[in-house]
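First up is the structure itself, then whatever we jot down about it.
No experiment lies behind these values; they were computed from the predicted model shown. Along the sequence shown, the residues carry numbers beginning at 1.
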Amino acid sequence: PARARRQRPQSGDLAGASAAFRRCYLADPRGEDAAAALLSALRVDFGRGLENDAIALLDKLSADPASRSATARGALFLAASDLVRGRADRAGRWLETARLADAKPEEVAYWRGRWYEIGRKPESAVRAYAEAVMAAPWSPWASSSRGRLATEALAKVVEQVKDCSALRSR
């Protein structure tokens, strides 16, 4: 049964996958797989265009203190999904949810930088990327942040932002 649930998204039966993840949660809402099942349903539902259903699942995860890790992952998933599509109106709220759920600071900082870029706030974007680099200098998030900082638009801003002197030599 668990194997069938995992294979369902790969077979293209996304509605069936979402239903299977929800049944897994309902079978044992306090079990060790409950948060993972809701997170999986959230991702599938969002991918199917059922954004309100996905957001409701994030709210359900957020209400359970034992689901902090899944809450952080779900919030980052929703924020990143919107940001890569150029949509910034909801991402700030989800990034804050992720931060409060103890997501990795460098990951939240990276996505906050992307959020600021979309919002045409380059100074804030530079600071957020610098925060990602400083939080975990060798992480993939720091590497991606350095890449963003090297773009023509942000490289000019790095030189102007006083508290980013450590990034100038990199």
Side-chain angles (χ1 to χ4, degrees), residues 6-18 20-22 35-62 67-158 161 164 167 170:
R6 287 191 299 271
Q7 289 176 341
R8 218 173 274 235
Q10 296 170 352
S11 71
D13 181 11
L14 299 180
S18 179
F21 290 132
R22 290 168 190 273
L38 287 180
L39 177 58
S40 296
L42 177 154
R43 288 177 171 165
V44 170
D45 286 355
F46 193 85
R48 293 175 57 215
L50 302 174
E51 294 183 4
N52 290 335
D53 291 351
I55 293 166
L57 289 171
L58 179 63
D59 292 342
K60 188 175 199 76
L61 285 167
S62 297
S67 299
R68 289 177 65 85
S69 178
T71 297
R73 300 299 332 140
L76 286 167
F77 174 83
L78 293 176
S81 295
D82 268 8
L83 291 171
V84 298
R85 295 183 302 167
R87 183 171 179 182
D89 58 311
R90 306 179 293 187
R93 171 183 52 177
W94 293 328
L95 290 170
E96 183 62 11
T97 297
R99 186 188 69 76
L100 292 172
D102 294 330
K104 290 182 179 180
E106 62 271 20
E107 187 173 3
V108 174
Y110 172 80
W111 287 111
R112 194 169 297 281
R114 294 286 303 263
W115 181 56
Y116 285 132
E117 276 191 83
I118 292 169
R120 295 190 170 96
K121 298 178 181 174
E123 295 85 4
S124 296
V126 165
R127 286 186 179 92
Y129 291 136
E131 183 181 328
V133 170
M134 299 305 171
W138 307 114
S139 73
W141 301 110
S143 178
S144 294
S145 293
R146 284 188 201 94
R148 303 296 296 187
L149 290 166
T151 63
E152 186 177 337
L154 291 183
K156 295 174 188 176
V157 178
V158 169
V161 176
C164 292
L167 298 174
R170 294 176 192 239

Quiz item: At what distance, to the nearest 0.5 angstrom, does OH of Y129 lie from OG1 of T151?
Solution: 8.0 Å
Self-check item: Short side-chain to backbone donor-acceptor contact, S139 and A142, under 3.5 Å
Solution: yes
Quiz item: Which pair of non-hydrogen atoms, one from A98 and one from V108, has the smallest distance, and what is that distance?
Solution: CB-CG2, 4.2 Å
Quiz item: For D89, does the CG atom sit with more than 12 other heavy atoms under 6.0 Å from it, leaving out its own atoms?
Solution: yes
Exercise. Evaluate side-chain contact (heavy atoms from CB on, under 4.5 Å) for I55 paired with R90, printing each intermediate quantity in order.
Key: CA-CA 11 Å; I55 293 166; R90 306 179 293 187; 3.8 Å; yes
Exercise. Quick one: do K104 and L76 satisfy side-chain contact (heavy atoms from CB on, under 4.5 Å)? Show the steps, please.
Key: CA-CA 10 Å; K104 290 182 179 180; L76 286 167; over 6 Å; no
Quiz item: Should the pair E51-R87 be classified as a salt bridge under the 4.0 Å nitrogen-to-oxygen rule?
Solution: yes
Practice problem: Calculate, to the nearest 0.5 Å, the distance between atoms CZ and CZ belonging to R43 and F21 respectively. | Solution: 10.0 Å
Exercise. Would you sort out whether R85 and S81 count as a side chain to side chain donor-acceptor pair (under 3.5 Å), showing the intermediate values?
Key: CA-CA 7 Å; R85 295 183 302 167; S81 295; over 6 Å; no
Quiz item: Taking atom NZ of K60 and atom CG of L42, what is their separation to the nearest 0.5 Å?
Solution: 12.5 Å
Quiz item: Closest approach of V133 and S145, non-hydrogen atoms and distance?
Solution: CG2-CB, 3.9 Å
Practice problem: Of all the heavy-atom pairs spanning A155 and A150, show the shortest one and how long it is. | Solution: CB-O, 4.2 Å
Quiz item: Where is the tightest heavy-atom contact between A103 and A72, given as atom of each residue plus distance?
Solution: CB-CB, 3.8 Å
Practice problem: Report the relative orientation of the aromatic rings in Y110 and W141; use parallel for angles under 30°, tilted for 30 to 60°, perpendicular for over 60°. | Solution: tilted
Practice problem: State whether the side chain of W115 and the backbone N or O of A88 hold a donor-acceptor pair below 3.5 Å, judged by distance alone. | Solution: yes
Quiz prompt | For the student: nearest non-hydrogen atoms of A75 and L58, plus distance | solution = N-CD1, 3.6 Å
Quiz item: Does the side chain of L100 come within less than 4.5 Å of T71's, by heavy atoms?
Solution: no
Exercise. Identify the two heavy atoms, one from L61 and one from S67, that lie closest to each other, and give their separation to 0.1 Å.
Key: O-CB, 3.7 Å
Quiz item: Any side-chain donor-acceptor pair under 3.5 Å between R73 and S69?
Solution: no
Practice problem: Spell out, as yes or no, whether a donor-acceptor pair under 3.5 Å connects the side chain of T97 to the backbone of R93. | Solution: yes
Quiz item: Is the shortest distance from a Lys or Arg side-chain nitrogen in R99 or E107 to a carboxylate oxygen in the other one below 4.0 Å?
Solution: no
Self-check item: Under 3.5 Å donor-acceptor, S18 side chain and L14 backbone
Solution: no
Quiz item: Does any N or O in the side chain of R146 come within less than 3.5 Å of the main-chain N or O of P137, such that one atom is a donor and the other an acceptor?
Solution: yes
Quiz item: Are L83 and E117 close enough that some pair of their side-chain heavy atoms sits under 4.5 Å apart?
Solution: no
